[in-house]
Amino acid sequence: MNAFAELAERLADGPEREATIRRLRDYLATTPDPERGFALALLAGAVRPPALAPARLRDLLTARVDPVLLGLSEDYVGDLAETVALLWPGPSTAEAATGGPPGPAEIVAGLAECGAGDLPELLAGWLDRADPVTRRVLLRLAGGRTRRRALVPARLVRAALARFGGVSETRIEELWHGLSPPYAGLFAWLEGEAGPPRSNFAAPYRPVMEPLPLEAAPSAALDPALFAAEWQWDGLGVQLVVHGGDARLYDRAGDDISAAFPDLLAAADGAGTLDGELTIRTDGVIGPRDALRRRLGRKTVTARTVAELPATIRAYDLLFDGDEDLRPLPFRDRRARLEDWLARHGGADGRLTLSPLLAFADRGALDRLRQAPPAGTRGLVCKRLDSTYEPGHSPAWLCWRRARRRIDAVLMYARRGQGALSTVHADLTVGVWRDGALVPIGAVPVAPDAADLDAIDGFVRENVIARFGPVREVVHEGDRGLVLELAFDGVERAARRRAGLQLRGASVVGIRPGRRPDEAARLAALEDLLTS
Amino acid sequence: MPAEPLLTVTRAGLYVPDGDFHIDPTRIVPRAVITHGHADHARAGHGAVLATAETLAIMEARMGPRFAASRQALRYGERAALGGVSLRLLSAGHVLGSAQAVIEKGGVRAIVTGDFKRRADPAAAPFELVEADHLVTEATFGLPVFRHPPAEGEVAKLLQSLRLFPARPHLVGAYSLGKAQRLILLLRAAGYDLPIYCHDAVLKIVDVYRRFGYDFGSLRSLAGATPEAFAGAVAIGPPERLAPALDGRTAPPVTVFASGWLGLRARARRSNVMLPLVISDHADWDELTRTIDEVAPARLWVMHGAEAALVHHARLRGIEAGPLPPAIDAAVP
Ligand SMILES: [Zn+2]
């Protein structure tokens with residue numbers, strides 16, 4: 001048994017927070033340095049291997065496996081990476097692997113030195129020495145449709161570290177982003193052998209405070225004497241930190257996204273730590289989220305991209321003013337400091353602006369506001385005026401979103417889902433009517449707990465009219481087909497889509513029994529909902 | 001191959017015309033050879049039933065003493081003359097009493113494996129291999145993606161979980177015939193000697209195993225136990241009946257399920273158990289293909305599962321292979 005791979009596999013199952021933390025803590029307590037540190041880096045997604053294209057992955061397997069058996073297997077399993085992990089002609093146990101399966105240190109070192117072109121060969125060498133569980137973990141790290149950055153939510157990794165060392169999670173979160181694998185200084189500190197490690201960053205990330213949905217505290221007294229209200233902006237939650245001659249932009253999880261937004265790093269001319277929402281100012285033709293996606297995830301950004309898709313931050317909290325920690329202050333006071341800070345350091349080019357507070361008389365007024373939020377917002381956040389800044393989801397902040405909208409659409413294409421849903425058709429493309437024809441409005445996932453999952457899958461399997469690779473086209477005519485009910489947050493322009501728009505936050509609620517496809521929605525109804 | 005085949009297929013399943021009997025028939029027939037006691041192979045109501053003494057005992061435990069009008073027990077390797085054919089039962093390694101049916105006539109031999117596995121199982125006799133002209137194999141895991149890990153390693157995961165979560169009961173979902181007894185004996189072999197709590201469906205079958213000389217150490221009924229007794233204990237039974245048996249009286253249990261299907265990640269995740277164990281009483285791909293290669297039949301029929309890959313494997317080796325042919329019903333009930 002390869003302890004690291006076994007751990008990664010168990011944790012991938014882990015819907016249960018407590019069990020995940022306990023397994024991690026146990027692994028950290030029983031694994032020596034530097035192995036545990038590199039394992040931690042892989043689990044938490046601190047190592048970013050180059051992506052392996054599915055076609056390269058398939059090439060690796062076709063060179064080694066009978067094509068008929070490969071075809072039958074992939075068709076049955078439904079997921080290429082999983083098929084490769086199971087079908088690879090390697091040892092069946094870790095003990096049988098020559099030289100043992102690659103461990104975390106070897107994996108981190110290999111991935112760090114490896115370019116995209118060398119990845120297939122590197123991976124093949126490892127797979128030859130790996131048992132099926134290790135193969136699966138390697139493939140999740142390096143490629144396939146299931147590739148993700150972190151094998152385990154980073155929050156749980158930090159919680160386990162906190163438990164392991166008997167320190168607070170906040171303390172771990174603050175340090176974590178300034179440290180690098182294998183975290184020898186961190187472990188020395190957690191085991192009581194040294195003082196806290198020094199962060200690599202002069203401008204460190206601070207764990208963020210986030211709202212809970214209002215449903216979590218339905219009886220909250222939303223009274224203007226107790227609460228402030230502001231829009232919940234529809235962008236990317238960020239933290240801008242300017243300190244010690246360094247400026248950095250982090251996303252809400254604490255990942256450093258500075259490289260993609262050089263324009264924002266220069267937006268502030270004073271030291272401090274700000275929370276805000278990053279949005280892209282657009283001309284209304286590109287959907288704001290589409291534009292955001294185009295800027296995110298880039299290693300470098302050209303001046304042209306910056307000019308075409310300018311980024312702005314709506315600031316809503318100030319955690320540090322220079323070196324002064326404002327988090328113990330109540331929201332009321334932090335807000336005053338934020339306004340003052342922006343007036344002094346916010347610059348004049350409009351990149352860094354204040355998220356305004358909204359005047360309201362009572363709960364009823366808030367309800368009316370959140371039902372008709374302006375473009376670029378999703379609803380409201382109500383914040384207790386006396387609340388200090390507490391990292392994590394806090395009931396002192398409550399978000400009250402516009403109710404989700406619903407429409408009926410017709411199933412047109414389906415492919416298998418990912419992860420737990422890779423055996424069923426859970427990735428569905430649906431359409432609505434325009435001029436008597438169905439226009440696809442995008443792929444919509446089915447929630448894993450959707451009651452109709454198996455019924456939808458059954459319909460797909462029995463009504464295929466064409467196949468395009470992994471995609472199945474199903475019958476969709478006026479009187480024959482499957483009508484699905486969708487829920488979604490909003491509609492935005494998408495110039496490159498045939499429908500000219502796309503749904504935001506859409507999911508399949510279930511089958512609409514007894515509905516004929518020609519009773520489904522018209523595109524015009526969605527156009528009426530365009531928010532930009 | 002002779003012109004008259006030893007085996008044909010009727011609507012009730014595999015049939016031996018020269019001996020006038022079915023093997024594991026899916027409908028009630030006058031004469032049946034039963035390979036083992038699982039419900040999809042052993043049914044009540046046949047006229048005469050021939051099986052190992054262990055299988056007959058299991059059938060009686062599950063269906064009552066009148067499960068058939070008459071019964072005949074055959075030891076592994078012992079021959080019985082049935083009509084114009086000779087029949088032997090050889091161990092299939094699947095569960096207690098499980099057998100392959102070996103039918104011979106005029107120098108031609110056919111084998112019906114029933115459910116089988118090749119790897120060691122402390123709760124079943126080892127698989128016996130003979131060559132044959134005609135092989136009928138099961139194919140539950142007849143795809144190369146199914147390669148079961150060693151069961152000992154899977155049980156080690158259960159023991160590790162008991163150490164990690166010492167206060168939580170571990171509910172191990174397993175079929176009450178075969179898998180449950182194998183798990184108990186694997187736990188005992190790994191040094192776990194505390195009492196194990198069993199659902200009554202498991203205990204009923206355990207009694208049969210005990211009569212044939214198996215020792216399971218201390219087992220207790222799930223029904224009578226106090227909530228305190230379950231802290232950190234192992235409970236084994238049919239998965240859907242375990243959690244209700246605890247009735248919310250204990251710390252949140254660690255749910256465990258043992259099945260060959262859990263080798264597929266998606267299956268493991270959809271099973272919603274905390275600890276999936278890949279333990280199967282069926283042959284995996286390597287065992288299936290090895291068996292085909294070693295039995296070296298001229299003709300292969302593949303049944304119970306995924307046929308296409310095994311048929312492909314066999315044809316590449318020059319074997320006339322296919323799924324079970326359609327029923328040729330006319331003269332046969
Ligand atoms: Zn069986």
Side-chain angles (χ1 to χ4, degrees), chain A residues 1 3 6-7 9-10 12-16 18-20 22-23 25-27 65-79 81-96 131-133 136 139-140 146 416-424 448-449 453-454, chain B residues 119 139 141-157 159-161 163-168 170 251-257 261-278 284-287 289 305-313 315-316:
Chain A
M1 195 163 23
E6 201 54 46
L7 175 74
E9 175 129 313
R10 282 288 73 71
D13 283 334
E16 213 189 289
E18 181 54 34
T20 299
R22 198 174 278 219
R23 284 188 201 286
R25 191 191 58 179
D26 183 67
Y27 178 82
V65 176
D66 178 316
V68 175
L69 296 181
L70 171 57
L72 288 168
S73 297
E74 193 183 352
D75 201 47
Y76 183 85
V77 174
D79 178 90
E82 170 82 353
T83 309
V84 175
L86 294 170
L87 215 47
W88 193 269
S92 59
T93 64
E95 289 70 27
D131 56 292
V133 175
R136 187 139 54 204
L139 286 160
R140 282 178 65 201
T146 53
R416 301 207 207 200
Q418 299 191 16
L421 298 180
S422 62
T423 55
V424 291
D449 53 355
L453 193 57
D454 292 326
Chain B
R119 52 188 80 202
F141 293 111
L143 275 169
V145 294
F146 293 109
R147 285 184 285 172
H148 308 321
E152 291 73 15
E154 299 298 290
V155 165
K157 294 177 190 173
L159 293 171
Q160 187 201 26
S161 180
R163 185 175 58 73
L164 263 179
F165 306 105
R168 299 173 67 169
H170 282 59
V254 172
T255 49
V256 187
F257 186 40
W261 298 107
L262 302 179
L264 281 189
R265 201 73 198 114
R267 292 281 192 121
R269 290 176 68 171
R270 285 196 80 189
S271 74
N272 269 326
V273 296
M274 283 178 66
L275 185 61
L277 302 180
V278 187
D284 69 3
W285 172 258
D286 292 341
E287 294 166 70
T289 52
E307 293 110 8
L310 279 179
V311 167
H312 172 75
H313 171 92
R315 284 183 184 159
L316 286 182

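Proteins come first, then strands; the chains are lettered A, B, ... in the order of their sequence lines, and each starts at number 1.
Looking at every heavy atom in both residues, B:V145 comes nearest to A:L87 through N-CD1, 3.9 Å. Of all the heavy atoms in B:H312 and A:L69, the pair that sits closest is CD2-CD2, 3.9 Å. Between A:R136 and B:G263, the closest heavy-atom pair is NH1-O, 3.3 Å.
Residues B:R147 and A:L86 are not in side-chain contact: their nearest non-hydrogen atoms beyond the backbone lie 4.5 Å or more apart. Residues A:T93 and B:E152 have side chains not in contact (no heavy-atom distance under 4.5 Å, counting atoms from C-beta outward). Side-chain atoms of B:L316 and A:D66, non-hydrogen and from C-beta on, do get closer than 4.5 Å to each other.
Put simply, the side chain of A:R22 never gets that close to the backbone of B:F165: no donor and acceptor are under 3.5 Å apart.
Using a cut-off of 4.0 Å between Lys/Arg side-chain N and Asp/Glu carboxylate O, B:R265 and A:D79 are scored as not salt-bridged. A salt bridge is absent between A:E82 and B:R269; no separation between the charged side-chain nitrogens and carboxylate oxygens falls under 4.0 Å.
For a residue to count as touching a neighbouring chain, one of its non-hydrogen atoms must lie under 4.5 Å from one of that chain's; by this rule B:L143 touches chain A with the side chain only. At a 4.5 Å heavy-atom cutoff, the contact between A:R23 and chain B is made by backbone and side-chain atoms alike.
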